[in-house]
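In what follows, a single structure is set out as structure tokens and then discussed.
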Number of protein chains: 2
Amino acid sequence: MQSPQPPGAAGPRPTVDSEITWLLHRAAQRMRAATGEVAEKHGLTLREYIVLSALHKSPGLNQGELGKTLGLDKTTLMSQLDRLERSGLVVRHNDPRDRRLRIPVITADGEALRATVADACDNVETSALTGLDPDEVQILRRMLFAIIGDVEDRGSCL
Amino acid sequence: MQSPQPPGAAGPRPTVDSEITWLLHRAAQRMRAATGEVAEKHGLTLREYIVLSALHKSPGLNQGELGKTLGLDKTTLMSQLDRLERSGLVVRHNDPRDRRLRIPVITADGEALRATVADACDNVETSALTGLDPDEVQILRRMLFAIIGDVEDRGSCL
DNA sequence: TATTGTTATACTCTATAACTATA
DNA sequence: TATAGTTATAGAGTATAACAATA
């Protein structure tokens with residue numbers, strides 16, 4: 001119930017223990033800072049880049065599907081798409097079969113910018129994972145997908 | 001340069017690719033939601049619990065050291081400590097050798113609550129990692145520490 | 001009635017800057 | 001002067017609620 005270590009004995013011992021949640025939080029925080037900085041050099045926020053990336057990889061989704069894919073609230077996605085559209089990087093099309101649906105599409109300008117930022121971000125991400133085997137990075141991705149509760153395991157997550 | 005998949009062919013294919021940053025962000029978001037819910041059942045925010053946990057594991061740190069250990073800004077740590085002190089879970093002592101320094105100490109009540117919440121949070125965390133070998137979880141922790149840029153590798157991080 | 005997109009709003013986390021008290 | 005803590009404040013990210021258009 002008392003200090004497991006006499007005060008002032010071996011000095012401060014900053015060992016964080018099991019708290020996986022907090023470790024994930026801090027790792028994500030740090031990676032967001034690094035890749036966000038890269039994206040902003042090109043005039044994009046991290047989320048705007050993520051949206052462009054999803055539009056590139058999974059074209060044809062409507063806004064609701066896109067939000068679920070990215071784990072973004074529909075109102076958060078709105079503000080991203082608004083700015084991207086104002087910048088001419090995205091256009092919202094209408095789905096003729098259901099006129100409620102709107103399908104965001106990346107423009108040529110958007111695709112060019114996305115490709116540039118993707119290269120820079122990939123560099124940052126890989127350098128942040130220096131010292132880890134490629135196998136381990138694959139394990140990391142598997143675990144993150146498992147935590148998110150992802151598509152390939154048990155259907156949609158959020 | 002165009003859609004890698006003809007529009008409307010095989011339907012939406014929501015595969016997120018290399019974006020480790022975003023995967024980390026979403027995984028952390030989900031874990032924070034889960035453990036935060038647990039903590040709030042006991043009247044604590046996740047950050048308040050994290051602070052209590054650090055005070056338990058690394059007693060004797062002053063506020064500056066504590067903030068660095070947890071990766072919390074000193075002003076953020078302040079608000080956590082204020083509420084913990086008001087609730088009688090923490091007391092701030094003075095360091096007689098340097099009267100600028102204040103050393104937060106967990107009280108008996110704080111320790112009892114921390115232990116309760118720790119059990120509940122550990123359960124949530126382990127169940128979130130179901131389907132992963134214990135070895136893999138160790139790999140995960142190593143990688144997270146590497147990303148954070150931690151003590152055991154290259155000195156303090158933030 | 002239910003659903004998609006939209007708008008407006010409030011709340012939380014985090015960081016910045018200025019102030020104090022000690023050194 | 002420099003540092004630890006404190007306070008006040010502003011910004012970003014996120015979620016909630018209400019509304020319009022369409023099904």
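No hydrogens, no waters, no symmetry mates; every other heavy atom, side chains included, goes into these values. Lettering follows sequence order; numbering is per chain, from 1.
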Among dT14(D), dG5(C), dT6(D), which nucleotide has an atom closest to any side-chain atom of Q29(B)? dT14(D)
Could you report the tightest heavy-atom contact between V51(B) and Q80(B), atom names first, then the distance? CG2-CB, 4.1 Å
Between M31(B) and A128(B) the two heavy atoms that sit nearest each other are SD-CB, 3.6 Å
E37(B) meets the side chain to side chain donor-acceptor pair (under 3.5 Å) criterion, sequence neighbours left out, with none
Please find the pair of heavy atoms, one from A118(B) and one from Y49(B), that lie closest to each other, and give the distance. CA-OH, 3.3 Å
What are the atom names and distances for every N/O pair under 3.5 Å that joins the protein to nucleotides 18-23 of chain D?
residue: dA23(D); atom: OP1; partner: R99(A); partner atom: N; Å: 3.1

Between R30(A) and I147(B), the two heavy atoms sitting closest are CD-O, 2.9 Å
Under a 3.5 Å cutoff, is there a donor and acceptor pairing between the side chains of T107(B) and D109(B)? no
Between dA23(C) atom P and N62(B) atom CG, what is the distance in whole Å? 14 Å
Among dT6(D), dA15(D), dA15(C), the nucleotide that comes nearest once only the side chain of T76(A) is considered: dA15(D)
Ranking dT6(D), dA15(D), dT6(C) by distance to the side chain of D73(A), first place goes to dA15(D)
Please name all residues satisfying side chain to side chain donor-acceptor pair (under 3.5 Å) with D82(B), sequence neighbours left out, ordered by chain then number. R92(B)
Considering non-hydrogen atoms only, spot the tightest contact between T76(A) and S79(A) and give its length. O-OG, 2.8 Å
So if I take residues 78-95 of chain A and measure heavy-atom distances to DNA chain C, which residues fall below 4.0 Å? M78(A), R92(A)
Nearest whole angstrom, please: distance from the P of dT7(D) to the CG of L77(B). 13 Å
Work out which heavy atom in E19(B) is nearest to a heavy atom in S53(A); give both atom names and the distance. OE2-OG, 2.8 Å
To the nearest angstrom, the CG-C1' distance between L101(B) and dA23(C) comes to 10 Å
Would E65(A) and K68(A) pass as an ion pair if we require N to O under 4.0 Å? no
Length of the CZ-C1' vector between R26(A) and dT14(C), whole Å: 14 Å
Write down the distance between CG (L66(A)) and P (dT4(C)), rounded to a whole number of angstrom. 14 Å
D122(A) and E125(A), any side-chain heavy atoms less than 4.5 Å apart: yes
Taking DNA chain D as the partner, which of residues 37-48 of chain A come within under 4.0 angstrom of it by heavy atom? R47(A)
Whether R102(B) contacts dT6(D) is assessed here as follows: a side-chain N or O lying under 4.0 Å from the phosphate OP1 or OP2. Is that the case? yes
Atom-pair distance (CG on L72(B); P on dT12(C)), nearest Å: 17 Å
Side chain proximity check, K74(A) to Q63(A), heavy atoms < 4.5 angstrom: no
So, taking the atom named OG1 in T35(A) and the one named CH2 in W22(B), what distance separates them when rounded to the nearest 0.5 Å? 9.5 Å
Set out, line by line, the N/O atom pairs under 3.5 Å between protein and nucleotides 8-10 of chain C.
none

State plainly whether one hydrophobic cluster holds both L61(A) and I103(A), where clusters connect Ile, Leu, Val, Met, Phe, Trp and Tyr through side-chain heavy atoms under 4.5 angstrom apart. no
